Amino acid sequence: MSDFPVFPPGFVFGAATASYQIEGAVREDGRGPSIWDTYSHTPGRTDGGDTGDVACDHYHRYPEDVALLRDLGVDSYRFSIAWSRIQAEGSGAVNPKGLDFYSRLVDSLLEAGIEPAATLYHWDLPQALEDRGGWRVRETAERFGEYTAIMAEHLGDRVPRWITLNEPWCSAFLGYSVGRHAPGAQEGRGALAAAHHLLVGHGHAMDALRAAGVREAGITLNLDRNVPATESDADLAAVVRADTQHNLVWTEPLLAGRYPATEEETWGELITGQDFRREGDLKLISQPMDFLGINYYRPIVIAAAPHREADPALRVATDNRYAEGNYPDVRKTAMNWPVVPESFTDLLTVLKQTYGDALPPVHITENGSAEYDSMDADGSVHDADRVEYLRTHLAALRAAMDAGVDVRGYYVWSLLDNFEWALGYAKRFGIIRVDYDTLERTPKDSYRWYQQLIAAHRA
Ligand code: FCB
């Protein structure tokens, strides 16, 4: 027990999931198609052609999952709402069966003594909105505000913590520039327009959440700790661009009410002369939040890659990342991500140094690792590497708090093994194993470890 990092009273321990990754039931009860249905059903897009059609079948098995959460002892559960269950086409009529599903989920969480934390958008845009331009167009941001108002009206009294967007970097840049996420576009300017409209959508959603009087509202970002490969001028300049496209593009408008000073050197003519920004946008985007959600997994080593910078689509997102020679001496997870807990501390302390009092209290809304788990003959899963990852990252988080960062909560990613986007079911992030043939759930050692940590914290 003594190796559990100690957290202050009231600190929130939670677990997280996302709709398309666990729900399944994609054609049930009036749910409309999302961009992830389209993308995963397009040959060649996902590993093994995996789709979220069934996933963990959480849509039907949520009572079992809530029971597992209750036994785990978490204070809070972070889930996401599939917009196309609420409005099949992303606008217009509300689908009562979709609302009812989330209402039942929320009620069963509350009965189990677990605080619901709802993410409004974890990447599953209604396909009908993508057909009209997706996040490239402002209309999508406006529709997002309307959908948020519907959810806040129906669940605002029962859900205390609301997250507008999950990792807009992935939506904008993996979705519209790298093309490795839905909708799979490879554009330069389109991705920058998407980034801006996601922020505008966040602003409209904040307005709607405030109007409904919810207790806490914020956004979740996947901020990166970008580490130069060498101290060469070229690599250091590449880090400035990487910081701009990963971090400052979000944190500057959200926390400082301005666009990044380094955006021109990062995107050149792709950002200058753009026509998607309007007067008033920064005010809408920068309204105060009750918390900032941060998802953290690993640092990224950055080296200049001139050949990539020549391609406008790649240039806006992947220009200068490289994975080779990536922390050669440290262990890699099944994602080939280096395990470097100190960089988690650094990310948070640097953020605090940069924004000072403008940084709201932080919730770590995701942290965890994919490992090559296997099940023993007796049905146990001894995922010692995941336990070690969680232990060292919680200690690194504690170190950031000791250094003055106000962190209020931590959500492990993920409650269940699930559909890991383009990588399909091969990557297992769960603290609970899911057998994809039988859909049986089996708590892993990491689940027991987290359970004990939470119990020790309470005691
Ligand atoms: C994050 C996503 C989450 C999951 C983890 C591993 O980028 O928010 O859905 O895929 O990575």
Side-chain angles (χ1 to χ4, degrees), residues 14-24 34-36 39-40 45-47 50-52 55-56 58 77-83 117-125 163-178 180-182 195 198 202 218-225 245-247 250 292-300 317-318 321 323 332-339 344 347 363-373 383 385-386 389-390 393 410-432 434 446:
T17 63
S19 47
Y20 190 71
Q21 295 181 276
I22 64 165
E23 286 179 359
S34 81
I35 56 175
W36 270 97
Y39 188 80
S40 66
R45 288 301 205 178
T46 65
D47 280 9
D50 288 350
T51 73
C56 306
H58 170 79
Y77 171 55
R78 173 181 178 231
F79 62 96
S80 83
I81 298 165
W83 185 348
T119 305
L120 287 151
Y121 185 75
H122 200 125
W123 307 350
D124 39 1
L125 185 72
I163 296 161
T164 56
L165 304 173
N166 176 71
E167 301 192 357
W169 184 84
C170 296
S171 303
F173 294 106
L174 291 182
Y176 292 94
S177 160
V178 185
R180 197 155 19 92
H181 275 187
L198 281 152
H202 159 80
I219 191 171
T220 279
L221 304 175
N222 54 322
L223 297 177
D224 268 344
R225 179 83 190 137
Q245 68 188 1
H246 285 278
N247 302 338
W250 316 110
L292 175 66
I294 295 178
N295 294 350
Y296 175 83
Y297 291 93
R298 49 78 165 94
I300 294 182
T318 52
R321 311 169 148 231
K332 310 293 188 305
T333 69
M335 300 289 279
N336 198 29
W337 291 348
V339 181
F344 188 18
L347 176 85
H363 276 275
I364 304 306
T365 40
E366 288 180 26
N367 175 245
S369 71
E371 304 292 351
Y372 297 104
D373 300 328
D383 56 340
D385 286 339
R386 181 174 294 105
Y389 181 98
L390 296 176
H393 282 77
Y410 173 92
Y411 292 79
V412 67
W413 184 273
S414 177
L415 180 69
L416 303 169
D417 288 340
N418 60 46
F419 175 76
E420 178 49 30
W421 309 110
L423 301 174
Y425 295 100
K427 301 295 178 217
R428 293 179 177 272
F429 272 93
I431 57 172
I432 297 172
V434 175
S446 54

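Just the heavy atoms: all of them, side chains too, but no hydrogens, waters or symmetry mates, feed the values below. Order of listing sets the numbers, starting from 1, for every ligand and every atom in it. Model, not experiment: these values are computed from the prediction.
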With heavy-atom distances below 4.0 Å as the criterion, list the atoms of ligand 1 near W421.
3 (C), 4 (C), 9 (O), 10 (O)
If you have a sec, work out which protein heavy atom is nearest atom 2 (C) of ligand 1 and how many Å separate them, to one decimal?
E366 OE1, 3.3 Å
Judged by non-hydrogen atoms, does N166 sit under 4.0 Å from ligand 1?
yes
heavy-atom search around atom 7 (O) of ligand 1 in the protein gives E167 OE1, 2.5 Å
Could you check which of F429, Y297, Y296 puts a non-hydrogen atom nearest to atom 5 (C) of ligand 1?
Y297
Taking the inter-plane angle between the rings of F419 and W36 on a 0 to 90° scale, is it parallel (under 30°), tilted (30 to 60°) or perpendicular (over 60°)?
perpendicular
Looking only at heavy atoms, is any part of M335 under 4.0 Å from ligand 1, and if so is it the side chain, the backbone, or both, or is it neither?
neither
Are the side chain of Y39 and the backbone of S34 linked by a donor-acceptor contact shorter than 3.5 Å?
no
For the residue pair N166 / T119, report whether a side-chain donor-acceptor contact shorter than 3.5 Å exists.
no
Which atoms from ligand 1 have a heavy atom of Q21 less than 4.0 Å away?
3 (C), 4 (C), 9 (O), 10 (O)
Taking only non-hydrogen atoms of H122 and a 4.0 Å limit, the atoms of ligand 1 in range are 2 (C), 3 (C), 8 (O), 9 (O)
What protein heavy atom lies closest to atom 10 (O) of ligand 1? Include the residue and the distance to one decimal.
E420 OE1, 2.7 Å
Pairwise side-chain contact, H363 with I163, heavy-atom cut-off 4.5 Å (strictly under):
no
Polar contact flag, side-chain donor to acceptor under 3.5 angstrom, Y297-T333
no
Main-chain N/O of W123 paired with Y20 side-chain donor or acceptor, under 3.5 Å:
no
R386 side chain to S369 main-chain N or O, any donor-acceptor pair under 3.5 Å?
yes
